Amino acid sequence: IFSLMDEKNLRKVTMAEFFRASKRLGFTCPLRPVFHGLDLMGAGFLTVQDFAFLDAWHPPEWLAASANPEALEEIKQLMLQSYGNYIQSWRRCLDQDGSNRVN
């Protein structure tokens with residue numbers, strides 16, 4: 001992927017190049033946070049080393065799963081039936097330790 005983004009063959013990819021190439025490749029997610037997530041050193045550009053971890057990375061299945069609107073509605077209804085409102089559902093079921101994370 002890096003070689004497709006390195007338009008000028010300078011062995012670095014600017015944010016503008018990253019945006020253009022990502023759109024060409026069909027990426028539709030918000031690109032700015034992805035760029036900054038890859039640019040761990042804050043250099044303002046990406047190198048091939050910034051992409052290296054992707055070669056060995058095996059993302060969990062849920063990360064690439066398609067949304068299921070029917071399941072969303074079902075879980076929302078179950079939350080309301082069980083806890084009366086979403087805040088109680090969050091606090092009593094999803095975030096039991098108060099960490100503001102599902103646990």
Side-chain angles (χ1 to χ4, degrees):
I1 289 179
F2 181 81
S3 61
L4 297 172
M5 295 185 170
D6 187 11
E7 296 172 352
K8 298 175 184 170
N9 293 321
L10 298 174
R11 288 184 267 175
K12 66 180 186 178
V13 174
T14 66
M15 187 181 293
E17 288 174 315
F18 179 79
F19 286 0
R20 283 191 297 273
S22 296
K23 289 176 184 174
R24 265 195 330 269
L25 292 167
F27 292 104
T28 58
C29 64
L31 296 172
R32 188 173 301 274
V34 174
F35 180 88
H36 290 297
L38 290 169
D39 182 20
L40 294 177
M41 303 307 272
F45 58 85
L46 304 174
T47 66
V48 70
Q49 290 82 12
D50 294 317
F51 287 81
F53 79 95
L54 293 172
D55 292 332
W57 185 49
H58 301 288
E61 286 185 38
W62 60 263
L63 193 57
S66 298
N68 184 335
E70 294 84 18
L72 172 63
E73 289 307 314
E74 184 178 341
I75 193 90
K76 286 169 62 177
Q77 289 305 312
L78 287 169
M79 291 166 67
L80 291 177
Q81 288 171 5
S82 299
Y83 298 98
N85 63 59
Y86 297 124
I87 294 173
Q88 286 300 315
S89 177
W90 173 258
R91 297 188 73 196
R92 292 176 53 207
C93 178
L94 301 173
D95 181 25
Q96 294 178 355
D97 68 359
S99 64
N100 283 328
R101 295 184 176 154
V102 175
N103 50 49

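These figures come from a predicted structure and were not determined experimentally.
- Note that CE of M79 and CZ of R92 are 12.0 Å apart. Values are rounded to the nearest 0.5 Å.
- No path of Ile, Leu, Val, Met, Phe, Trp and Tyr side chains, each step under 4.5 Å between heavy atoms, connects F18 with M41, placing them in separate hydrophobic clusters.
- Shown here is L72, whose CG atom has more than 12 heavy atoms of other residues, nucleotides or ligands within 6.0 Å.
- With rounding to the nearest 0.5 Å, the separation of CD in E17 from CG in D6 is 6.0 Å.
- Of the possible donor and acceptor atoms, one in the side chain of D50 sits under 3.5 Å from a partner among the backbone N and O of T47.
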Quick one: do V102 and D95 satisfy side-chain contact (heavy atoms from CB on, under 4.5 Å)? Show the steps, please.
CA-CA 5 Å; V102 175; D95 181 25; over 6 Å; no

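- Through direct or relayed side-chain contacts under 4.5 Å between Ile, Leu, Val, Met, Phe, Trp and Tyr, L40 connects to no other residue.
- The hydrophobic cluster containing M15 also contains L46, counting ILVMFWY residues as joined when their side-chain heavy atoms lie under 4.5 angstrom apart, directly or transitively.
- The aromatic rings of F35 and F19 sit perpendicular, their planes meeting at an angle over 60°, well past the 30° parallel limit.
- Around the CD atom of E74, the shell of radius 6.0 Å holds no more than 12 heavy atoms that belong to other residues, nucleotides or ligands.
- Under a hydrophobic clustering in which Ile, Leu, Val, Met, Phe, Trp and Tyr are joined whenever their side-chain heavy atoms come within less than 4.5 Å, directly or via other members, Y86 and L94 fall into the same cluster.
- The backbone N or O of N85 sits nowhere less than 3.5 Å from a side-chain atom of Q88 that would complete a donor-acceptor pair.
- Both F53 and F27 belong to a single network of hydrophobic side chains, linked directly or stepwise wherever heavy atoms of I, L, V, M, F, W or Y lie under 4.5 Å apart.
- The hydrophobic clustering, which links ILVMFWY residues whose side-chain heavy atoms are closer than 4.5 Å, places L25 and L38 together.
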Evaluate the side-chain contact (heavy atoms from CB on, under 4.5 Å) criterion for residues C29 and L31: first the C-alpha distance (whole Å), next the side-chain angles of each, then the deciding distance (0.1 Å), finally the verdict.
CA-CA 6 Å; C29 64; L31 296 172; 4.2 Å; yes

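- Heavy atoms only, all atoms of each residue included: F51 and M5 are closest at CZ-SD, 3.9 Å.
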Test log, rule side-chain contact (heavy atoms from CB on, under 4.5 Å), inputs N100 and W90:
CA-CA 9 Å; N100 283 328; W90 173 258; 4.1 Å; yes

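- Of the possible donor and acceptor atoms, none in the side chain of R20 sits under 3.5 Å from a partner among the backbone N and O of E7.
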Could you walk me through whether K76 and E73 pass salt bridge (charged side-chain N to carboxylate O under 4.0 Å, His left out), step by step?
CA-CA 5 Å; K76 286 169 62 177; E73 289 307 314; 3.5 Å; yes

Please walk me through it: do F45 and V13 pass side-chain contact (heavy atoms from CB on, under 4.5 Å)?
CA-CA 5 Å; F45 58 85; V13 174; over 6 Å; no

